[in-house]
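Below is one structure, written out as structure tokens, with a few remarks after it.
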Amino acid sequence: MSTVCRVTINDRVVEVPAGTLVTDAARVAEVHVPIFCSQHKLPPLGACRICVVEIGVPKLGPDRQPMTAPGGRPEIAWMPKVQTGCTTFVTDGMHVRTESEAAVKARKGVMEFLLVNHPLDCPVCDEGGECQLQDLAFAFGHDFSRMDEAKRTFDSEDLGPVVKKEANRCIVCMRCVRYCDEIMGDDALTAHQRGVWTEISSFNRQPLECEQCGNCIEVCPVGALTALPYRFKARPWDLRQHITICPYCSNGCSVRLGVRGNEVLRVRGTEHRGVNQEYLCVRGRFGYEFVNHAERLSAPLLKLGGALTPAGFDAAVAFTAARLREISAQHGPGAIAFLGGEKLTLEEQYLFQKLARGVIGTNHVDARTRFTAPVPGDGMLRATGGGRPLLTFDDLTRVQEVLVLGDDLQGESPLAQAQVIRGQHHTGLHLTIVHPRRVKLARPKFRGDHLAPTPGSELAVMHGLMRALLDLEEPEGLPADVAKGLPALRTALAEWTVEHAESLTGVPASAFRSAAERLRGAARKAVLFGRAYTEHPQAPALLQAIESLGWLSGALTAERSSVMYLGPQNNSQGALDMGLTPDLLPGYQPVAEAKGTYGAQWGRELPTERGLTAPEILRAAAEGKIKALWIVSDHWLKSAPDRALAEQALERCELVVVNDLFLTETARKAHVVFPAASFAEKEGVIVNCERRLQKSVRALTPRKGSRPDWEIFQAVARDLGASWSYRTAEDVFREIARLVPIVRGLSWAVLLPLGPQWSREAAPGMLAASRDGAPPAGEGLWLLGGGVLFLQGSLSSHGDLLPKLAKRARAFLNPGEAARLGVAEGEPIELAGPSGSLRLPVGIDDGVPAGAVFVPYAYPEVELNRLGAPAGAGLRVAARKAAVETIGA
Amino acid sequence: MSTERGPLLFKDIDTPDLATLDVYRKGGGYDVLGEVLGNKTPDECIDVVKAAGLRGRGGAGFPTGMKWSFVPKQTPKAKYVVCNADESEPGTFKDRELMEKNPHLLIEGMILAGWAIQSHVGYIYLRGEFEYIQRILDRAIADAKAAKLLGERIAGSDFRYDIVTHLGAGAYICGEETALLSSLEGYRGQPRLKPPFPAVEGLYASPTVVNNVETLMNVPHILKHGAAWFRQWGTEKSPGTKVLSVSGPVERPGNYEVSMGLPLSRLLNEQCGGMRDGMKVKAVIPGGSSVPLLPADMLDTGLDFESMAAAGTMLGSGGVIVIDDQTCIVDALYNITRFYEHESCGKCTPCREGTYWMSEVFERLESGHGRERDIDLLWDVSDNILGKSFCALGDAAAMPVMGAIKHFRPEFEHHVQHKRCLVNRRKPERVQEPVGASA
Amino acid sequence: MSRTNPPLPREPGAGTPAMPAADRTAWVSAELLGPVVTGDKIRKEMEQAVQRYPNPRSAILPVLWILQREIGWLPPAALQLAARAVGLPEPEVFGIATFYTMFNLKPVGRHHLQVCMTLSCSLMGADRLFRHLERKLGIGHGETTPDGRFTLRRVECLAACGGGPCMQVNFDYRENVDETQVDRLLETLK
Ligand SMILES: Cc1cc2nc3c(=O)[nH]c(=O)nc-3n(C[C@H](O)[C@H](O)[C@H](O)COP(=O)(O)O)c2cc1C
Ligand code: SF4
Ligand code: FES
């Protein structure tokens, strides 16, 4: 059987790979075959029957050779019945007829059946205008008036705050039910009853217990499931549609904004484009309210006489420039630091650091404001193999083994989670989850292995895994420079037997071994990590360990395998690429070599000594060594690892400049506040965690008084005497593409919406492990931070729906711990750390390990950094029932 | 020894306590296990069944030996034998009597089928209403195990086989083999895509043969007496006997085992003693409600797969429903159509919506609001279901209606014109005047 | 135009029957489930059912049967219990339970009269029999007598066509039941 099949569809011949479905072959041949129940991420179902076609195969003669009719055309044996194209795979020489009498009658018949019980309420249906059933009905132009009997009717119902169900419109294609189960892993939806009474609903019609992602709405081909937030807001044809990049996590999903006037009325997936196609998580789909929020800043603010007062843009720019000039003159450029920028576009990130280095002349630049330990600018790059090509999200569904280190993908990287679940369901991908809590992917449903180390023993776990891999036979295909590190690594891990690791982590030795065997054994594998390890106090050692694990397991050498860093913000990767780090210039060029690289280009002497990292800047500013701070797109008081220090820093600084959409607490403390344009109001490139460059578009004109950050940077730079003259963000990108090696030669034109992934000749890697790794001793409960699905930063909290879904912030304890503290669900407890305390209602969750408390940090009112540094893992707190003290208590 | 009711399966079906192990064994039950297990190779067994020409008794009439031979020989997976005891085809009640009175024959048949495909566990899927049959079977299974005729080292051989009974819960579709497997696996009882066919990927995605109760009960006899002996009954293409369930207003309704090929008329007149109180036959549904009916003038058709096909209908499951001349065909078909509307699983559009629509049209005809075009509409809706549905339930709903319109169009037209049945003894309160007055 | 006196009911009835809202923890306390929750015997029986199959989910029908036998019907809490027993998501179990017609999602009377209305029985007078029962008991299809003694239901072919008209009283087959016989039968059903 040939791997390429010649298929004739209505006398159009196409060549498609074997294993292609007839419906897909038809798309290639540009022959329209309608589908309803089939969805490209779900296996064939063949239920709705709308895709019926006539199919024939070449007649074989006695010599098993295709027979030819007079005229040389092959003789075709047509199947007696029409077949469903969405379930039939092509074979070489297959013939397909979509317009023959039989095919057309069958299709019209099915169409007519679909309308038998379908109400004629298109005028009041939210789907109207983009309804596949409506489109088809028109396409046929067949009047379906033969059915004039009573229709079967159901009541409509709300399945929670997001999904509105109009069961009468349902055509039982089962897309929603299957998507919910096989992609989201939620099984919240099910079919009730049977036959004509089949109805999609939840358990006993209760509100859906799920991620509220709304993908069931997305895949519904009719108006049976619609979005409550968008209900009756608009008709699709009134909306301008703009496809751009989601402002939230680092997965970089393409979102389709539905805009009317200057307002975003809804967000949808893109059907067949982007890394996500139709998929969106709840944040991406419903987290757009902030764009049009009333509290958006509408004018620059200057602190005059202690109070922030509106000012003109030019005045604000002039003031800022003047103060920077003075401070620089007085204390030297080293007294000025630039923080944040993970949410900026690539162009803005480039200009932000160019402003710092090329205009002010300081290397105190760091976007990684949450980090608790100084991490080299290429720390994450090295851990992921130094720039080797990364897996695509599509390939992620086809790997055999996925190791997730410390991240809860549900909260941090929803698309990654969906791809992994899809892979688990359809290609038998196996999961190994390393996480102290029983996160979603660690549930039995996903048949993975859950390594639940005692909090604080993250490094010990890594050592255990490395040792287990070393105990297997020599890894193959190691680059020479890496391989030579093996002996040293062996000695470093000499006493790190898996049994020893077990004693420190509580993870059974056998679990280390089987995880190692699975990783090594799998032909294709992926290792995923994120902020849980990068914001860890032992981050440098952990990152080195992740790299070594990558080499030992083959994740960095095998085909179609990767170690991937899932950053916290949508452009975290871009920030690293553009040198928003104190030691590296754009494209990971050492500041020491600045002279030969950007120095020449930017026409200025560049500082060549490494600047301070974010945690160092924090301390220096608190001690008064840093006099001026420019904080961009970052609520620093909340993100900095130590709240007390951060407040002190803002107090002591002579100049604090903040760019933001809202007047955050951080902004309140500033001397200058620049209102920034939102993601929907500016163009630029966003780099996701696959290192894929995707261009975002401008769907709205910037909110009155706000500007894209790059314009603000340019205005200040010019006032400081720089000769910048970028007319558009594209001008900036042209410069980037000219100067920065990793993206050299690219242009905006090629970057939408599924742009290329950058990669490069990998820098030499290395194998190493720090000898220590024992979890720090201490008293009290381990404080576990972590993301939540429904919230991410100040953007998400400026709206109604997401905060409503997120409910109140809580501190989660496992039942035993709660009993020990004598607290019940909802009762308040007080968590006391070295430098502060926090009062929260308790949530009971048996997925939280004993001896720990889980506090999702995304809630505005949750300020873990009040408790004391470091806010990430590794902090211990005293917990007690918050109640009136009684004698003896 | 009671009077023989049939040549083969019914020969001694009425023997008192046949359901008990020792009575069954006195009649030679389980003897063949010793002769076969370990002595005849699986392939030899399959060949005998092929030579005997045994065909499925569940409806499709597919050659059983061939079905078995599709099961892959080399496979790491477990293999399964599933007995389809869902018996829910309207008009059919043979499996019920067979299992109630002779459970051990089924067990023996399953063991042999298990040997033939080298399976070690079999499931009997019973319709939910057969709860008491499950108790009978479980009892028999326990006795057989105690006697080392089931379980480990059966009848001294080193073949091991186990049987589990599984009770459905009310769904006709679960008689369709793939829907049965879905139900048995704990899903909603909806059919699955074919291919892959159960013989390759069935229960738990493992090779599985699904056979009807009567089919399996023939197997011990065939392996005991050989193909030639089995072929003394029936026709060349439809060898053996068939148990027919006769219902409707005949003198003696019930199950009858006949040699295949016997004319339908002889079954009705001789064995069933003709019609009750002077009624005449108007039409007969020969193979369960899923098949087109035969008008009275075609009653000489032979009771075998080929003759029935030639007559434009099917032997199906052998549920013979006799419709008398005092019954309204439209009303009868309405009843059948409602059945399929009720039993449609809802997976595919044509069956789900089409059966509903047909019932609505019938309803209108029945209630006297019928229109001329409704008859053609019924035909066209049926035609749009036929061959378009996911599984054969859709066809089963469409074919009888099309058959009825073909043979009895005038009666439909009368319904439209006179706004009521031509005759209808079933619904006295609907027809005011004396029966037939309007004819 | 709605259907006049349909020979067969629109079952499964108009959508999923309204059930008391499921309290996620109801099954532990609910006296509905008393027999199940208190009786280790039944717990064990359900576990054995699960043991009989290579894949636990296969036991969902057996487990639901056990629960219905014990409780008489299947309240949401019972479905949750079943879901736990076989390790299926609760919504899916709800979908399964409503797919089949023999699971009672509403309480039923002590004697569940299930009258076959399909063609063969209909030819032998099932329609008259059913109307007779309706009049006699004063209840219609799917209804239960106030004293909780009888529930009346039209059902599909019971595989007793030769003995039409026939019905099942709970699981017991009653064949060739005409009006006079059924009256006598009702007497015996206390
Ligand atoms: C809608 C439908 C219902 C069926 N019901 C039954 C049934 O109740 N009993 C049965 O044995 N076969 C039934 N069948 C046939 C089975 O699908 C399958 O062909 C049969 O069990 C195979 O066994 P056999 O080859 O021994 O006949 C049904 C088929 C369809 C399409
Ligand atoms: S024909 Fe379709 S709806 Fe009908 S039973 Fe088969 S699959 Fe279900
Ligand atoms: S799209 Fe092919 S059957 Fe639904």
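Sequence lines set the chain letters: A, B, ... in the order given, protein chains first and strands last, and positions in each chain run from 1. All of these numbers come straight from a predicted model, not from anything done at the bench.
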When you look at NZ of B:K237, are more than 12 heavy atoms from neighbouring residues, nucleotides or ligands closer to it than 6.0 Å? no

Determine, for A:R146 against B:D376, whether the closest basic-nitrogen to carboxylate-oxygen distance falls under 4.0 angstrom. no

Using every non-hydrogen atom in the two residues, find where A:R194 and B:G170 come nearest and quote the distance to one decimal. NH1-O, 3.1 Å

Side-chain (B:R188) to main-chain (A:A191) donor-acceptor, under 3.5 angstrom: yes

Pair count under 4.5 Å, heavy atoms only, with chain A: among B:G189, B:A171, B:G387, highest is B:G387

For a 4.5 angstrom cut-off between non-hydrogen side-chain atoms, does B:E353 reach A:N117? yes

Locate the shortest heavy-atom distance separating B:T349 from A:F113; write the atom from each residue and the value. CG2-CB, 3.7 Å

So which of B:T355, B:D380, B:I385 has the biggest tally of heavy-atom pairs under 4.5 Å with chain A? B:D380

Per-residue contact mode, B:L386 against chain A (heavy atom under 4.5 angstrom): neither

Using every non-hydrogen atom in the two residues, find where B:K388 and A:R49 come nearest and quote the distance to one decimal. O-NE, 2.8 Å

So with a 6.0 Å cut-off around NZ of A:K81, is the heavy-atom count from everything else above 12? no

Flag the one option from A:V82, A:V110, A:V172, A:T190 with the top tally of heavy-atom pairs under 4.5 Å to chain B. A:V172

If you take all heavy atoms of A:I171 and B:R352, which pair is closest and at what distance? O-NH2, 3.2 Å

Check whether any side-chain N or O of B:Y356 sits under 3.5 Å from a backbone N or O of A:R152 as a donor-acceptor pair, and report yes or no. yes

Exceeds 12 heavy-atom contacts within 6.0 angstrom, atom CD of B:Q417: yes

Of all heavy-atom pairs between B:F390 and A:L45, which one has the smallest distance, and what is that distance? CE1-O, 3.3 Å

Counting only heavy atoms not in A:D135 (residues, nucleotides, ligands), do more than 12 fall under 6.0 Å from its CG? yes

Would you say that more than 12 heavy atoms from the other residues, nucleotides or ligands in this model lie under 6.0 Å from the CZ of A:R447, or not? no

Report which part of B:R192 has an atom under 4.5 Å of a heavy atom belonging to chain A: side chain, backbone, both, or neither. neither

Are any non-hydrogen side-chain atoms of B:D383 and A:K105 less than 4.5 angstrom apart? yes

Please examine the side chains of B:Q190 and A:T198, heavy atoms only from C-beta on, and report whether any two atoms are closer than 4.5 Å. no

